[in-house]
Novice: 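Provided herewith is a single structure, encoded as structure tokens, for subsequent inquiry.
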Number of protein chains: 2
Amino acid sequence: MSDDRWEPPAILLAVDLVILTLRASRLHVLLVERGVEPYEGAQALPGGFLQHSQESLVAAAHRELAEETDLDVETLRLEQLGVYDNPGRDPRGRVVSVAFLAIAPRLPEPTAGTDAADAGWQPTDLVLSGELELAFDHRRIVTDGIERARTMLEHSALATAFCGPTFTITDLQDVYEAVWGMSLDPRNFYRKIKKTDGFILPAGSARRKAATGRPARLFRAGPREVLYPPMIRPAESPNGKEPAQ
Amino acid sequence: MSDDRWEPPAILLAVDLVILTLRASRLHVLLVERGVEPYEGAQALPGGFLQHSQESLVAAAHRELAEETDLDVETLRLEQLGVYDNPGRDPRGRVVSVAFLAIAPRLPEPTAGTDAADAGWQPTDLVLSGELELAFDHRRIVTDGIERARTMLEHSALATAFCGPTFTITDLQDVYEAVWGMSLDPRNFYRKIKKTDGFILPAGSARRKAATGRPARLFRAGPREVLYPPMIRPAESPNGKEPAQ
DNA sequence: GCTACTTCTTGTCAGTTTGACAAAAACATA
DNA sequence: TATGTTTTTGTCAAACTGACAAGAAGTAGC
């Protein structure tokens with residue numbers, strides 16, 4: 001098995017990005033319309049090959065994001081999601097892709113870049129249900145990304161990353177409901193959040209969010225990164241949305 | 001940015017394996033002594049390059065494990081741990097490595113294979129403390145693997161994978177204590193395990209494990225894969241081992 | 001201004017789970 | 001038979017959860 005002059009094979013490495021955000025209380029994922037073959041015209045995750053053999057994966061991820069969607073996301077924290085190496089996932093040959101996950105606050109509509117004919121936010125439901133078909137194995141990547149986001153919401157203070165610099169507890173609840181795909185009791189949620197030490201900090205006085213109702217207090221992200229004890233996600237019910245009552 | 005005839009760079013892809021097991025109530029990791037440069041003679045994780053460009057990552061992982069450590073681990077379930085791509089992690093040039101994690105029951109002492117001068121189990125404490133130095137960035141990979149195993153023990157029935165086909169609840173507790181690095185109250189642990197539906201199933205009558213004391217009942221792994229509610233790992237205390245009382 | 005309506009926030013209460021610990025059960029050994 | 005060890009079953013107060021009532025603080029309609 002070990003010839004004297006055996007050379008290991010070189011592989012094409014790519015990165016793919018799952019960028020999640022909340023719009024109108026629904027979870028959305030950033031997709032681009034592919035401008036080149038293969039899958040030209042199909043929806044796909046932003047991403048692409050390394051530019052040169054010394055480029056790091058995160059650097060490539062940031063670069064592709066900037067190229068394909070002009071979003072100014074310097075501060076975006078990319079979390080490694082996984083490696084996708086199924087032979088045959090790319091018709092061009094063996095391409096191994098490293099997927100990254102990022103959670104973004106309400107972002108502006110992106111505009112198209114170089115390789116992508118169009119870029120925009122799409123509701124994740126459409127992707128999960130298969131109503132919206134994606135190129136390559138990107139549907140699986142999105143599925144994995146959402147699942148990862150779900151568990152991260154349980155154990156880390158990530159939810160605040162979905163919100164702006166200040167937010168209300170109801171905003172936070174919207175995040176949990178959208179990502180977990182179920183509704184929660186506002187009163188129990190309120191209690192749980194406020195009891196979790198260091199999760200959120202008061203930020204100024206109340207302000208109205210909706211046109212009506214009692215104005216909610218404002219908070220900002222606290223120092224705590226890891227939630228202990230964790231937020232416990234209620235057991236999933238067979239039918240989609242879980243009623244709070 | 002998009003020349004007409006730009007070719008993406010090809011990268012060397014490798015796999016590394018973190019195989020954890022329990023020996024004498026201590027967590028051990030499988031290491032090999034490198035038989036070739038670089039880091040010849042140093043301890044390292046089993047692993048290596050893809051053999052050909054069509055080989056899948058898991059296939060490569062299984063192959064390397066068999067080559068370097070003759071362990072019969074067909075049934076070993078490999079979990080993707082992460083990608084390590086720090087430029088400069090390998091003096092030979094740009095090598096991107098995909099790490100896999102596996103949990104093994106009490107295994108026999110492995111024997112050396114082709115590329116590895118020697119293979120054997122080493123206590124993870126030695127690696128974490130830095131007493132035992134590893135090649136490349138393998139210490140970080142081991143650290144990440146253990147951390148992953150810790151959270152997996154919380155949320156999945158993985159602990160039974162450390163044990164043989166049948167085991168006692170005390171055996172299971174040993175697993176949790178070794179991986180979490182703390183001691184737990186046997187009575188509360190017993191209650192929690194038995195209350196978690198589908199985690200373990202009774203397996204025959206009692207049998208003696210230690211030479212003394214009341215014989216423990218035997219159990220085998222149950223159908224449940226995901227633990228809900230999870231086993232909650234007590235908050236870490238500043239000093240290493242956490243006393244149960 | 002007054003009433004209705006909405007949303008946010010604070011409580012209440014019974015049931016469950018946790019952490020700490022006592023004590024019985026079931027063996028081996030001296 | 002007495003002693004020691006380990007496993008297993010309980011006990012009890014404290015903390016937490018899920019379901020729900022009700023007060024607080026605004027806007028909108030009349």
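If you're wondering where the values come from, they're calculated on a predicted model, not measured in any experiment. All values below come from the heavy atoms of this structure, side chains included, with hydrogens, waters and symmetry mates left out. Numbers restart at 1 for each chain; the letters A, B, ... are given by sequence-line order, proteins then strands.
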Novice: Starting from C1' on D:dT7, measure out to CG on B:L172 and report it in whole angstrom.
Specialist: 15 Å
Novice: For B:R214, check salt bridge (Lys or Arg N to Asp or Glu O under 4.0 Å) against everything at least two apart and list the hits.
Specialist: none
Novice: So which pairs with a foot in residues 220-232 of chain A pass salt bridge (charged side-chain N to carboxylate O under 4.0 Å, His left out), sequence neighbours left out?
Specialist: A:R77-A:E225
Novice: Whole angstrom is fine here: how far is it from CG in B:D185 over to P in D:dG10?
Specialist: 17 Å
Novice: What is the distance from CE of A:M231 to P of D:dG18, rounded to the nearest Å?
Specialist: 10 Å
Novice: Roughly how many Å is it from CZ in B:F189 to C1' in D:dT9, rounded to a whole number?
Specialist: 17 Å
Novice: Would you kindly give the CG-to-P distance between B:L184 and C:dC21, to the nearest whole Å?
Specialist: 15 Å
Novice: How would you list, by chain and number, every residue that makes a ring-ring contact (aromatic ring centres under 6.0 Å, His included) with B:F136, sequence neighbours excluded?
Specialist: B:Y39, B:H138
Novice: Taking OP1 and OP2 of C:dT17, is either one under 4.0 Å from a side-chain nitrogen or oxygen of B:K192?
Specialist: no
Novice: With sequence neighbours left out, which residue pairs that include part of residues 122-132 of chain B fulfil the side chain to side chain donor-acceptor pair (under 3.5 Å) condition?
Specialist: B:R26-B:D125, B:S129-B:E131
Novice: What donor-acceptor contacts under 3.5 angstrom involve side-chain atoms of residues 189-203 of chain B, with partners at least two apart or in another chain?
Specialist:
unit_1, atom_1, unit_2, atom_2, d
B:R191, NH2, B:N188, OD1, 3.2
B:K192, NZ, B:P230, O, 3.4
B:T196, OG1, B:K192, O, 2.9

Novice: Enumerate all atom pairs, one protein N or O and one N or O from nucleotides 1-4 of chain D, separated by less than 3.5 Å.
Specialist:
none

Novice: Residues in salt bridge (Lys or Arg N to Asp or Glu O under 4.0 Å) with A:R148, at least two apart?
Specialist: A:E79
Novice: With a 6.0 Å cut-off (strictly less than), is the heavy-atom count around CD of B:E133, excluding the residue itself, greater than 12?
Specialist: no
Novice: Please state whether the phosphate of C:dC8, meaning OP1 or OP2, lies under 4.0 angstrom from any side-chain nitrogen or oxygen of A:Y190.
Specialist: no
Novice: Nearest to the side chain of A:R217 - C:dT9, D:dT9, C:dT18?
Specialist: C:dT9
Novice: Taking atom P of D:dA15 as reference, at what distance in whole Å does atom CD1 of A:I232 sit?
Specialist: 17 Å
Novice: Compare side-chain N and O positions of A:K195 against OP1 and OP2 of D:dT17 and report whether any pair is under 4.0 Å apart.
Specialist: yes
Novice: What protein N or O atoms touch nucleotides 11-16 of chain C N or O atoms at under 3.5 angstrom, if any, and at what distances?
Specialist:
none

Novice: Please report the distance, rounded to the nearest Å, between OH in A:Y228 and P in D:dA15.
Specialist: 14 Å
Novice: If you check every side-chain atom of B:T170, which of C:dT18, D:dT7, D:dT17 has the closest atom?
Specialist: D:dT7
Novice: When the distance from CD1 of A:I200 to C1' of C:dT9 is rounded to whole Å, what number comes out?
Specialist: 12 Å
Novice: Looking only at side-chain N and O atoms, does B:D144 offer a donor or acceptor that is under 3.5 Å from a partner on B:Y84?
Specialist: yes
Novice: Can you pull out every ring-ring contact (aromatic ring centres under 6.0 Å, His included) where at least one residue sits in residues 141-172 of chain B? Sequence neighbours excluded, please.
Specialist: A:H155-B:H155
